[in-house]
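Side-chain atoms are counted along with the backbone in the values below, which use heavy atoms only and exclude waters and symmetry mates. Counting starts at 1 for both ligands and their atoms, following the listed order.
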Amino acid sequence: MFTRVRGTQDILPQDSFSWQEVEEGARRIFSLYGYQEIRTPILEKASLFNHSLGETTEIVQKQMFEIKHSKDHLVLRPEGTVPVVRAFLENNLNKTKDAGKFYYIGPMFRAERPQKGRLRQFHHIGAEAIGSISPYLDIEIISLSDRLLKEFGVKDYEIVLNSLGCSKDKAGFAEELRSRLKGRLAKLCPDCQKRYKRNVFRILDCKNAACKKIISSLSLTCDYLCSECRSHFESVTRGLESIGISCQLLPSLVRGLDYYTRTVFEIRHNRLGSQDALGAGGRYDNLVSRFAGGDTPAIGFAFGVERLLLARDHHCVPCARCLIYVIPLGQKAEEKCIQLLHSLRSNQIAADMDYSGRSLKAKMRQANEANAGFCVIIGENELAKGVVTLKNMACGEQEEVKQEELIEKIKNL
Ligand code: HAM
């Protein structure tokens, strides 16, 4: 038997209701905040991500699913920010708008070792706001993430926040980290010893207990921020406080992608175990200019849908899938039932029919499983009289209704 690829999931009908609920809720909230949907391809050129995510990021080094086809070197997109920036520039949206506010919902792919909450195909609900440096946009983005979580019914999450500063500040912070870690290099795990030179920030994300202990003993602060970045960050934290969004300042929060500058944030939930990030985001003020897009600051975030569903308190019960279940008794009745089914659906009434030719009892059981509110039964008797039997599945009551009056009757139920 064929099985699915490890680290991928089938979303079965009993679960797809929860997915639809989350996606529909997200669309409603995004439009409330003025964000419009953008859909970019799943296939992108590998060079797009190599150029923008940073050669030393884990995604570029080992997590991209690559496809070599003829002369093309393609990848399955590992994240949504870079494709949105590409589409923004390629379609000249920067020329028609001062700022663009976009959202996306769709699959992403990373060749990671699968575990709870970590998949190779997972889904993002994300937003990108391109074109403004204003700290009030940072506040909007963080409050939008918070609003979405409330909409999804997620509770007890924590928002952690930091500022990496501008490129100069980031370089200063990296230097400072190196000098403070120098004396303890031998105590770091072998991976972190390599990270020390290549990308010292990755040490701050390390899950190894010894590395974590060393990081916490550094008592990091935001002292490396220049006055402009400091005041930007103060406006962000003050604004968030003023609208009642509580955040935990965490100077060791750096995030795993190189494009971030200034504000970065992560939303964590303790139900998720070691993969505790429900979502994350931040500013990427230099990414657009790296694509020759001029000085265009931007900020965004993305939630992992699978993790959102794990963290939610309630699970969605499927709503009535089918209001009317049509049951023919005998071959002659089947033809009549097909016509009835067609006219019910043409009148926007959700209806289904049993095609199995089984007993009435089995068909009634099927109607119950389909969550039908009513059954329309037609046998020889009904055919002769030009009526149907309409049975209320909740109370069991039934009545005869003239065939030509059935649609009106159901519309008025
Ligand atoms: P990210 O932190 O790599 O950020 O991913 C965002 C979220 O996607 C994570 O917090 C997590 O919930 C989920 N996620 C990531 N990898 C996996 C995985 N292998 N399995 C399941 N869920 C996963 C970004 O991708 C940035 N593009 C976010 C952003 C948008 N920053 C600015 N704009």
Side-chain angles (χ1 to χ4, degrees), residues 5-9 11 22 30 35 38 40 44 48-49 52-54 57-60 62-65 76-86 88 100-130 137-138 140-142 144-145 148-149 152 154 157-162 164 201-202 205 253-269 271-288 297-312:
V5 173
R6 216 161 83 85
T8 67
Q9 279 182 339
I11 300 161
V22 163
F30 281 132
Y35 287 69
I38 186 162
T40 63
E44 293 277 3
L48 174 73
F49 296 101
S52 50
L53 293 183
T57 57
E58 299 233 315
I59 292 184
V60 168
K62 50 183 184 196
Q63 292 177 353
M64 290 216 279
F65 279 108
L76 301 179
R77 63 179 185 196
E79 60 96 74
T81 309
V82 168
V84 169
V85 168
R86 180 202 47 69
F88 179 73
K101 301 213 291 190
F102 308 101
Y103 78 84
Y104 47 91
I105 300 177
M108 305 291 160
F109 303 83
R110 293 184 195 173
E112 298 197 75
R113 197 170 45 79
Q115 63 178 83
K116 184 186 166 201
R118 189 162 72 187
L119 293 153
R120 291 180 153 183
Q121 176 177 337
F122 57 98
H123 295 75
H124 268 173
I125 289 181
E128 311 295 343
I130 306 178
L137 189 59
D138 303 40
E140 174 175 295
I141 279 285
I142 294 169
L144 169 56
S145 328
L148 283 167
L149 289 173
F152 300 150
V154 181
Y157 52 87
E158 184 187 32
I159 305 177
V160 290
L161 186 68
N162 191 24
L164 301 173
F201 290 138
R202 294 286 69 75
D205 297 330
L253 180 73
V254 284
R255 309 275 304 111
L257 298 156
D258 276 4
Y259 54 55
Y260 289 116
T261 48
R262 288 198 169 170
T263 311
V264 284
F265 66 100
E266 206 166 87
I267 299 172
R268 297 175 174 174
H269 199 285
R271 192 179 292 169
L272 297 178
S274 67
Q275 302 300 315
D276 65 352
L278 275 177
R283 278 207 161 270
Y284 47 96
D285 291 339
N286 303 324
L287 183 62
V288 183
I299 180 166
F301 69 89
F303 282 116
V305 181
E306 288 78 1
R307 294 189 193 178
L308 282 176
L309 294 175
L310 283 173
R312 251 162 43 127

Item to check | Min side-chain heavy-atom separation Val22-Arg312 under 4.5 Å | outcome: yes
Checklist entry - So do the side chains of Asp138 and Arg283 get within less than 4.5 Å of each other, counting heavy atoms only? => result yes
Checklist entry - How about Leu144 and Phe30: do any of their side-chain heavy atoms sit closer than 4.5 Å? => result yes
Checklist outcome for this item: Residues Gln275 and Gly117: closest non-hydrogen pair is CB-O, 4.3 Å
Checklist entry - Would you say the side chains of Tyr284 and Thr81 form a donor-acceptor pair under 3.5 Å? => result no
Next on the checklist: Heavy-atom contacts with ligand 1 below 4.0 Å: which residues, ordered by chain and residue number?
Outcome noted: Glu79, Thr81, Tyr104, Arg110, Glu112, Gly117, Arg118, Leu119, Phe122, His124, Glu128, Arg255, Leu257, Tyr259, Tyr260, Ala277, Leu278, Gly279, Ala280, Gly281, Gly282, Tyr284, Gly300, Phe301, Ala302, Gly304, Arg307
Next on the checklist: Working note: Thr261 + Leu287, criterion side chain to side chain contact (heavy atoms under 4.5 Å, CB included); need CA distance, chi angles, decisive distance, verdict.
Outcome noted: CA-CA 9 Å; Thr261 48; Leu287 183 62; over 6 Å; no
